[in-house]
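It should be emphasised that the depicted structure is a prediction, and the values quoted were computed from it without experimental measurement. Here is how names work: the chains are called A, B, and so on, in the same order as the sequence lines, proteins then strands, and each is numbered from 1.
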Amino acid sequence: MDNVDKEKHEKIKVTNVRNEPMKGVSKHLTLLRTTWLRSCSYVSFQPNIAPETSSLLNHCYNRDLPRAMQILDTMEKRGVFADAIAYSELIKCCLAHKAVREGKRVHNHIFSNGYRPKTFLINTLLNMYVKLNLLEEAQMVFDKMPERNVVSWTTMISAYSYAKLNDRAMKLLVFMIRDGVMPNMYTFSSVLRACERLCDLKQVHSGILKAGLESDVFVRSALIDAYSKLGELLEAVGVFREMVTGDSVVWNSIIAAFAQHSDGDEALALYKSMRREGFPADQSTLTSVLRACTGSSLLELGRQVHVHVLKFDQDLILNNALLDMYCKCGSLEDAKFIFSRMAVKDVISWSTMISGLAQNGFSVEALNLFDSMKVSGPRPNYITILGVLFACSHAGLVNEGWGYFRSMKNLYGIDPGREHYSCLLDLLGRAGKLDEMVKLIHEMTCEPDVVTWRTLLDACRAQRNVDLATYAAKEILKLDQQDAGAYVLLSNIYANSKRWDDVAEVRRTMSARGIRKEPGCSWIEVNNQIHAFIVGDKSHPQIDEINRKLDEYIRKLTDAGYVPDTNFMLKDLEGEQSEYSLRHHSEKLAIVFGIISFPREKTIRIWKNLKICGDCHIFAKLIAKLEQRHIVIRDPIRYHHFQDGVCSCGDYW
DNA sequence: CTAGGGTTAG
């Protein structure tokens, strides 16, 4: 019976030339399927089909739930039953109206004496409960089923994986197989969302191969997503490359995988191949492409994508990605323009705009925007508040920061997380309020982590509070014995107060534990080649020219009032000449090399493996003004856009 | 009756 069922369904599946299911024909499909099912003997072999059945069905098709329920009433009074098709349509009608009460009545009706619902009818009921988010009810129905087929199991598995109850979804798959029911492509594409561990995923993958279902496009895209979610991009690419037929969603999956893992170049390369193979870019594609532009700070490419976005003017997610791209690429005018003309804005739109303003140094505007959000926008969430606190922190607005921090719990019921505490601590630290910082750390509702203590440590260094700094550094090392920065700082603090024994002790510990500070490295792309620099680098072929130019700049800037800022420096353990190494920090070498290599380009784009150094920050700012360039430095923390002598990232150095 | 891709922070 199952085979017949499957065969018929495949016959009425409407596809286009590329074998993709066509949308907008579902109504006809329902009719077709219904007519066929009604003519099928196993369905209509129910005793005493009531004459009301056809009008019940009609009301259901017209989505007239009250009338349909009236008929159900009369049938119950007379003790007669309709057929399974009518009931399944009735259940679908309840679902369409989100009518829980009516749905439960139908539920009781088909389980009353004198009627034995078919598995497929119970499946419809399961689906109704699942879609109404009543998972307990669904589970109860499922538990009582005398027979469960693939659809029953798959419905439950997809319910749990959608609700992120991944353990339950995975367990159900095991039980299903133990029960002798074979998973199909629907089952696999659902269960793939629930794979949290690589070993589970590998097992599911091998199950898919054994069942010969790897060529199904749904399964393939789900596989790519699953590997991507676990950071296994090579596996994801492997699955992608095995594709023969071609499918735009599979393309979107692999592009999204790279865009989400900050490999913008690969994402963009894939996008080009996709277009070359004749697949048009849709909303999802463009969203990922924009994210790739954002990740690589490619403002001009982002602008070109913007033109294509206009085709999907009303797409919220796409507009949010566009908005974020303009914010992160430092073009706040464009961002504000997009934001102002978005017809629908959600929390993400508002949060993006608020954080974008804050991160680009427009703290007051950010806070004003938050005020108007409170009046006429959606309810702020965890991330919105983070942006607001960030704005306060950049503007040094201590009282306001406290106010927003307290109000998040009272007004919006959001519990402050570690990140909120870090923002507030940062704010207090910049204001030099070390005591308040310590007090806040003790009051925190979550355990302090490395970032918490590092914030305190930074503040202590700026305030030159040796004792507290020592304490903070030790707390960091308790949590992470390998934190090189903490050792170096601790050693510097001791050195500054001439505690040489302690300095030696720290050094001994470091070498005993084999800890070395990761060297800072900056790189820039010129003619498809990466040019990388480390401090005092002499290996670059043009190093003499770079150093000459660097000396020239430093002379010019010194005349204009530039004072090297050594306060931010980690003093070298080997005691190298610090002034010299500061002068030859990798960022400076890369910036100068960029200016030499691109005499005509407006924008110089540099990457760095560590957080940008404070002195280089000032240097970049001054060079941008002197040379009338736009210098973008991307470090693991954030983007720094230096334009006309202003760092748009908030001038907190 | 069951299945796929995209956005904010860190």
Side-chain angles (χ1 to χ4, degrees), chain A residues 5 9 20-21 30 33 37 84-85 87-89 91-92 95 118-128 130-131 149-159 161-162 183-193 213 216-226 228 247-257 259-260 281-292 294 312 315-325 327-328 346-356 358-359 380-390 417-420 422-423 449 451 636-638:
Chain A
D5 191 79
H9 267 106
E20 297 158 341
T30 310
R33 199 177 287 138
L37 281 170
I85 293 307
Y87 288 138
S88 78
E89 287 303 319
I91 291 171
K92 278 191 256 173
L95 180 57
K118 303 275 172 198
T119 303
F120 107 90
L121 179 55
I122 310 180
N123 287 342
T124 315
L125 190 67
L126 272 184
N127 180 52
M128 180 194 77
V130 166
K131 295 282 152 65
N149 63 16
V150 203
V151 178
S152 332
W153 287 98
T154 304
T155 305
M156 292 311 290
I157 289 176
S158 93
S161 69
Y162 191 74
N184 64 13
M185 53 268 248
Y186 289 84
T187 325
F188 279 122
S189 43
S190 287
V191 88
L192 279 169
R193 299 169 55 101
L213 295 171
D216 182 81
V217 286
F218 284 76
V219 171
R220 194 183 298 283
S221 59
L223 264 172
I224 294 174
D225 294 335
S228 158
D247 178 81
S248 61
V249 178
V250 177
W251 275 105
N252 287 343
S253 294
I254 194 72
I255 293 174
Q260 285 164 352
D282 65 11
Q283 292 97 315
S284 282
T285 327
L286 292 179
T287 305
S288 295
V289 168
L290 278 173
R291 178 157 173 171
T294 310
F312 308 100
D315 191 293
L316 177 61
I317 299 179
L318 183 52
N319 273 314
N320 284 344
L322 184 66
L323 179 65
D324 189 46
M325 186 276 293
C327 286
K328 294 272 170 46
D346 66 355
V347 210
I348 297 186
S349 328
W350 287 86
S351 305
T352 305
M353 193 69 239
I354 290 172
S355 297
Q359 293 188 337
N381 68 10
Y382 189 96
I383 296 167
T384 321
I385 306 290
L386 215 50
V388 171
L389 291 176
F390 191 80
R418 244 190 227 112
E419 288 136 319
H420 296 105
S422 295
C423 253
D449 67 348
V451 182
I637 315 290
R638 61 173 63 94

Test item: side-chain donor near acceptor, A/Ser349 and A/Asp346, under 3.5 Å: yes
A/Gln260 vs B/dT7: side-chain N/O to OP1/OP2 distance below 4.0 Å: yes
Under-3.5 Å donor-acceptor pair between A/Asn123 side chain and B/dC1 base: yes
d(CD1, A/Ile157; P, B/dG4) in whole Å: 13 Å
Protein-nucleotide distance (A/Phe218, atom CZ; B/dG4, atom C1'), rounded to Å: 6 Å
A/Leu323 side chain near A/Met353 side chain, heavy-atom distance below 4.5 Å: yes
Residue of the set A/Val191, A/Thr187, A/Asn149, A/Asn123 for which side-chain contact (heavy atoms from CB on, under 4.5 Å) holds with A/Thr154: A/Thr187
N or O in side chain of A/Lys328 less than 4.0 angstrom from B/dT7 OP1/OP2: no
Selection from B/dG6, B/dG10, B/dC1 that lies nearest to any side-chain heavy atom of A/Glu419: B/dG10
Reference residue A/Leu121; test side-chain contact (heavy atoms from CB on, under 4.5 Å); the match among A/Ile91, A/Leu126, A/Ile85: A/Ile91
Integer-rounded Å distance: B/dA3 C1' and A/Leu126 CG: 16 Å
Minimum-distance nucleotide to A/Ser351 side chain [options: B/dG6, B/dA9, B/dT8]: B/dT8
Closest nucleotide among B/dC1, B/dG10, B/dA3 to the A/Thr124 side chain: B/dC1
Separation of B/dG10 P from A/Leu389 CG (nearest whole Å): 11 Å
A/Asp225 side chain to A/Ser228 side chain, donor-acceptor N/O pair below 3.5 angstrom: no
Side chain to side chain donor-acceptor pair (under 3.5 Å) between A/Thr285 and A/Asp282, intermediate numbers included: CA-CA 5 Å; A/Thr285 327; A/Asp282 65 11; 2.7 Å; yes
Centroid distance under 5.5 Å and plane angle under 30°, A/Tyr186 vs B/dA3: no
Touch class at under 4.0 angstrom, heavy-atom based, for A/Thr352 against every strand present: sugar-phosphate
Side chain of A/Asn127 - closest among B/dT7, B/dG4, B/dC1: B/dC1
Length of the line joining A/Tyr382:OH and B/dG10:P, which is rounded to integer Å: 11 Å
Candidate nucleotides B/dT7, B/dG6, B/dG4, ranked by approach to the side chain of A/Ser284 - the nearest: B/dG6
Over 12 non-hydrogen atoms of neighbours within 6.0 angstrom of OH in A/Tyr382: yes
A/Leu286 CG - B/dT7 P separation (whole Å): 13 Å
Touch class at under 4.0 angstrom, heavy-atom based, for A/Ser190 against every strand present: sugar-phosphate
Residue A/Arg291, side-chain heavy atoms: nucleotide from B/dG6, B/dT8, B/dG4 that is nearest: B/dT8
Any A/Arg220 side-chain N or O less than 4.0 Å from OP1/OP2 of B/dA3: no
Under 3.5 Å donor-acceptor pair, A/Asp315 side-chain atoms to B/dG6 base atoms: yes
Candidates B/dG4, B/dT8, B/dC1 - which lies nearest the side chain of A/Asn381: B/dT8
Length of the CE-C1' vector between A/Met353 and B/dT7, whole Å: 15 Å
Sugar-phosphate, base or nothing in reach of A/Val219, heavy atoms under 4.0 Å: nothing
Among B/dC1, B/dG6, B/dT8, the one nearest A/Ala256 by side-chain distance: B/dG6
Distance, rounded to the nearest Å, where A/Ile85 contributes CD1 and B/dC1 contributes P: 8 Å
Touch class at under 4.0 angstrom, heavy-atom based, for A/Arg418 against every strand present: nothing
Sugar-phosphate only, base, or nothing, as touched by A/Val130 at under 4.0 Å among non-hydrogen atoms: nothing
Closest listed nucleotide, where the reference is the side chain of A/Leu386 and the choices are B/dA9, B/dA3, B/dG4: B/dA9
Sugar-phosphate only, base, or nothing, as touched by A/Leu121 at under 4.0 Å among non-hydrogen atoms: nothing
Proximal nucleotide (of B/dC1, B/dG6, B/dA3) relative to the A/Gln283 side chain: B/dG6
